[in-house]
Amino acid sequence: MTQWWRDAVVYQVYIRSFADGNGDATGDLGGLRDRLPYLADLGVDAIWVNPWYDSPLKDGGYDVADYRAINPMFGTLAEAEALIDEAHSRGIRVIADIVPNHTSDQHAWFQAALQSPPGSPERERYWFRDGQGPDGARPPNDWRSIFGGPAWQRVTEPDGTPGQYYLHLFDRTQPDLNWSNPEVVAEFESILRFWFDRGVDGFRIDVGHGLAKDPALPDLGSDDEGLMEAPDRSSHPHWDRDEVHEVYRGWRAVADSYDRPRMFVGEVWLDDPARLALYLRPDELHTSFAFELTDPDWEPAGVRAAITSGVHAAQTAGVAPTWTLSNHDIPRHVSRYGRPAKARERFGRTKYDMDGLDLDRGRSRARAAALLLLGLPGSAYLYQGEELGLEEVMDIPDDLRDDPVFFRGSGVEVGRDGCRVPLPWAPDGESLGFGANGAWLPQPAHWADLAASVQQGDDASMLSLYRRALAVRRAQPALHTTAMEWVSSPPDVLHWRRPHPDGPLDVVVTMGTDHYRLPPGEVVMASHPPEDGLLPPGAAAWVRLS
Ligand code: BGC
């Protein structure tokens, strides 16, 4: 199948925390290559590797200093090429992560801009502007950084005087690129070719609804600090601007110039399906994440609405939906489902979010959620460690925290480090098998029980559930089309059918407190065993109808 991304199961590798091959407490390409057999055994179709480029890691690698070089902490270009070849020989495709909205302040372009005068071509690659007021003491406009605080940083000019400001919608170390400059457009097309030539099968596009800005840089007049989501209007000065589509048409032409199909999956935060569909036109991106399932708690009305909305958005655009429960920005779903009630915002995790947390309940629900996710039409992205049932780590000491969200805030929002803690591979050793010399963030001691090697041999483990579910999914043709119909059920049960000429398959998820009678047929997968045809509460099953 050439359009493999339409129903693929993709495993997200946060490389810094996956596996450490060289004993420096940081994950790397060597560790990832060593663990390819694990991923093949799990049964994934592809991996998406978070940014692996040379970077000072001020934002976990989303601050790229050189898009054509591998971060020496992660390895070398030759190792990346070897990884791509080895993954391919195991039938696993490789999706890289492209960061086009901003570079690192250590990027050669930005360093040159700092050394160059206002109005120079070097500064025109970014958004440099004079400040307001007689001495330029006020920033050029009222935009806010997603990570907190103003979106403008004043520079000191080479002659030592206080100078212009530059725009950064994220951290101060992540200056925004000027996409109305053709040099920027050409540079990124060349970067895409660089990696496509090395065999990369696709790109996840970071902040895909960003990039273009209104060159007049008008005030927003409102304080949307912390919001990645574009409001439902097409005239926002820095989100979802029409000019961005020209960029993606250029990218698509690059991708389509290769024989073996290459793909783009966008991180595009838009509520309006009609606006989202514009990104998914046949000459733009192949798909974009449906983030709907990252939002609701374990609560039937919210989850049902999330599924309906994600399916509707994909249908509007004529693409297959691309689902995910968790990623490197979002609190892990074991913790979300273990909390008594909604207590979070997208990037926000406060120190108080531990209240009332029941991890056993969260893990039990996460088993059901795995079958929910993998029973939906379209493709599914798994975030590393969810197959082990890992929870959000809430008690990382402040002095070990790394996320700019924590440092730019008041200290109450702890940021995203809690979902980025290195994986436990073995029940013992200083870093639970992650590497030979510790882990860059501390792992909870009880993760020894969740280590991959411990779960591998245990039929009842989360890992075994995921492995079985992926194998069963692969073998069931009904799970590989985009067709889905709701079956009428009580409000706290989600029940849908995946029709297929070879016979339909039903997906059932019980989210209330009652048992639910499964439809007659063969139960090919269950998160918790049914008894006498009754699925217990908080469970999910796949039934091939007789
Ligand atoms: C990435 C984040 C990153 C931000 C800025 C997000 O979409 O997923 O991890 O901090 O973009 O690049």
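Both counts, for ligands and for their atoms, begin at 1 and track the order of listing.
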Novice: Against Ile205, only a single residue in Ile98, Val99, Asp97 fulfils side-chain contact (heavy atoms from CB on, under 4.5 Å); can you say which?
Specialist: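 The passing option is Ile98.
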Novice: Between Phe18 and Trp425, what is the ring plane arrangement, given parallel below 30°, perpendicular above 60°, and tilted in between?
Specialist: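 Because their plane-to-plane angle is over 60°, the rings of Phe18 and Trp425 count as perpendicular.
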Novice: Using a 4.0 Å heavy-atom threshold (strictly under), name the region of Phe147 that reaches ligand 1: side chain, backbone, both or neither.
Specialist: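 It is the side chain that touches ligand 1; the backbone stays farther off.
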Novice: Out of all atoms in ligand 1, which are within 4.0 Å of some heavy atom of His102? Include the element for each.
Specialist: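 So the atoms of ligand 1 that pass are 5 (C), 12 (O).
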Novice: Near Arg416, which atoms of ligand 1 are under 4.0 Å from a heavy atom of that residue?
Specialist: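 Once the distances to Arg416 are compared, the set is 2 (C), 3 (C), 9 (O), 10 (O).
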Novice: Quick check on Arg204 - does any of its heavy atoms sit under 4.0 Å from an atom of ligand 1?
Specialist: yes
Novice: Check each of Asp63, Val405, Asp206 against atom 6 (C) of ligand 1 and report the one with the nearest heavy atom.
Specialist: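 That would be Asp206.
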Novice: Report the residues that fulfil salt bridge (charged side-chain N to carboxylate O under 4.0 Å, His left out) with Arg172, sequence neighbours left out, ordered by chain and then residue number.
Specialist: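 Arg172: no salt bridge (charged side-chain N to carboxylate O under 4.0 Å, His left out) contacts found.
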Novice: Sequence neighbours left out, what passes salt bridge (charged side-chain N to carboxylate O under 4.0 Å, His left out) with Glu86? Give chain and number order.
Specialist: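 So Glu86 forms a salt bridge (charged side-chain N to carboxylate O under 4.0 Å, His left out) with Arg33.
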Novice: Considering only heavy atoms of Arg420, which atoms of ligand 1 have at least one such atom less than 4.0 Å away?
Specialist: 9 (O)
Novice: Indicate yes or no: does Arg252 engage Asp283 in a salt bridge with an N to O separation below 4.0 Å.
Specialist: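 Salt bridge absent between Arg252 and Asp283.
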Novice: Apply the side chain to side chain donor-acceptor pair (under 3.5 Å) test between Glu391 and each candidate in His333, Arg336, Arg363; give the one that qualifies.
Specialist: Arg363
Novice: Please state whether His209 comes within less than 4.0 angstrom of ligand 1, counting heavy atoms only.
Specialist: no
Novice: Going by the order shown, which atoms of ligand 1 are within less than 4.0 Å of some heavy atom of Glu267?
Specialist: 6 (C), 7 (O), 8 (O)
